[in-house]
Asks: 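I am attaching a structure below and will ask some questions about it afterwards.
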Amino acid sequence: MSDNNVLKIEKLHAWYGESHVLQGIGIRVGQGELVTLLGRNGAGKTTTMKCIMGLVAHRTGSIVIDGVETIALPSRKIARIGLGYVPEERGIYSSMNVRENLLLPPVIAEGGMKLEEIFELFPNLRARLDSQGTKLSGGEQQMLAIARVLRTGAKILLLDEPTEGLAPVIIEQIHGLIQRLKARGFTIILVEQNFRFATTLADRHYIVEQGAIVDEFDNAELLRDEQRVLRYLGV
Ligand code: ATP
């Protein structure tokens, strides 16, 4: 595993103003792996994702992506290494229609999905191309947010709580979609509160507590000792 890490984080610290939120995060993710960050609210999962993407101004330590040290790089340069971030709030522009939202971010890397390919993965979006962002359901917004980063050519996907607030049938669809992306070789870091969703997709899991990694499991190990993990999550 150590040879093919596409992402390696060491001693990552981050601050919001005076508040020292991340206190030495260490994570590694192999090529094509799906890794989750699990933990209670406020543990620092979203902040870790934002640091990877260069969106937290005050951060120190090391984040090496595809062999490039990115800790001091601005977000747009980090994106060009092949990262795509889908934030929890999804970031769909309500004044724009689906087509405009899809075409908004620049293509950053070769091999970005063409619209036809995107519609194969997201059949619903084709019919909704001219719909305003505001008219979309939560599930459609989530699909659009993921489709948008696939078009840019990102190969490492950061998905922050993609199932948040969605109905079970839509969660199933997103589950199937993430499975297909994994099968296509995308490397994925997933923040997820839905334990079943996480454990039926992931290869490995990190437990985040008070801005640090306190435990690590591969998926089989976690399924053998669910109670230990559920205790961390306060479930
Ligand atoms: P959640 O599931 O609730 O989003 P999380 O594990 O993703 O939890 P973070 O959002 O990373 O946690 O938050 C970590 C800590 O940083 C929390 O104490 C939170 O209140 C604080 N925090 C998050 N964003 C900001 C901000 N913009 N300014 C100040 N403090 C923040």
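Start at 1 and go down the list; that is how both ligands and their atoms are numbered.
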Asks: Just to be sure I'm reading this right: ignoring hydrogens, which of Gly44, Gly39, Ser19, Gly211 gets closest to atom 12 (O) of ligand 1? Compare them by their nearest heavy atoms.
Replies: Gly44

Asks: Under a 4.0 Å threshold between the charged nitrogen and the carboxylate oxygen, would Arg204 count as salt-bridged to Glu33?
Replies: yes

Asks: Carefully, step by step, assess Asp160 and Lys50 under the rule salt bridge (charged side-chain N to carboxylate O under 4.0 Å, His left out).
Replies: CA-CA 10 Å; Asp160 198 347; Lys50 285 186 172 162; over 6 Å; no

Asks: Is it the case that Asn41 and Gln193 place a side-chain donor and acceptor less than 3.5 Å from each other?
Replies: yes

Asks: Under 4.0 Å from a heavy atom of Ala43: give me the atoms of ligand 1 that qualify, with their elements.
Replies: 5 (P), 6 (O), 12 (O)

Asks: Out of Thr47, Leu37, Val191, Val208, whose heavy atom sits nearest atom 13 (O) of ligand 1?
Replies: Thr47

Asks: With a 4.5 Å cut-off on side-chain heavy atoms, are Ile78 and Arg80 touching?
Replies: no

Asks: Salt-bridge test for Arg180 and Glu120: reply yes if a basic N is under 4.0 Å from a carboxylate O, no otherwise.
Replies: no

Asks: Indicate yes or no: does Glu209 engage Lys45 in a salt bridge with an N to O separation below 4.0 Å.
Replies: no

Asks: Considering only non-hydrogen protein atoms, determine which one is nearest to atom 3 (O) of ligand 1 and report residue, atom name and distance to 0.1 Å.
Replies: Gly42 N, 3.3 Å

Asks: Among all protein heavy atoms in this structure, tell me which lies nearest to atom 15 (C) of ligand 1, with the distance rounded to 0.1 Å.
Replies: Val21 CG1, 3.5 Å

Asks: Would you say Gln193 contacts ligand 1, with heavy atoms under 4.0 Å as the rule?
Replies: yes

Asks: Is the ring pair Tyr232/Phe217 parallel, tilted or perpendicular, if the boundaries are 30 and 60 degrees?
Replies: perpendicular

Asks: Output yes when a protein non-hydrogen atom is found under 4.0 Å of atom 19 (C) of ligand 1, and no otherwise.
Replies: no

Asks: Mark up the atoms of ligand 1 that fall under 4.0 Å of a heavy atom belonging to Arg40, in ascending order.
Replies: 6 (O)

Asks: Measuring from non-hydrogen atoms of Met49 to any atom of ligand 1, is the shortest distance under 4.0 Å?
Replies: no

Asks: Is any side-chain heavy atom of Leu121 closer than 4.5 Å to a side-chain heavy atom of Leu150?
Replies: yes

Asks: Quick one: nearest non-hydrogen protein atom to atom 10 (O) of ligand 1, plus distance?
Replies: Thr46 CB, 3.6 Å

Asks: Nearest to atom 23 (C) of ligand 1, what protein heavy atom do you find, and at what distance?
Replies: Tyr16 CE1, 3.5 Å

Asks: Would you indicate which of Glu209, Glu164, Glu161 comes nearest to atom 2 (O) of ligand 1 when only heavy atoms are counted?
Replies: Glu161

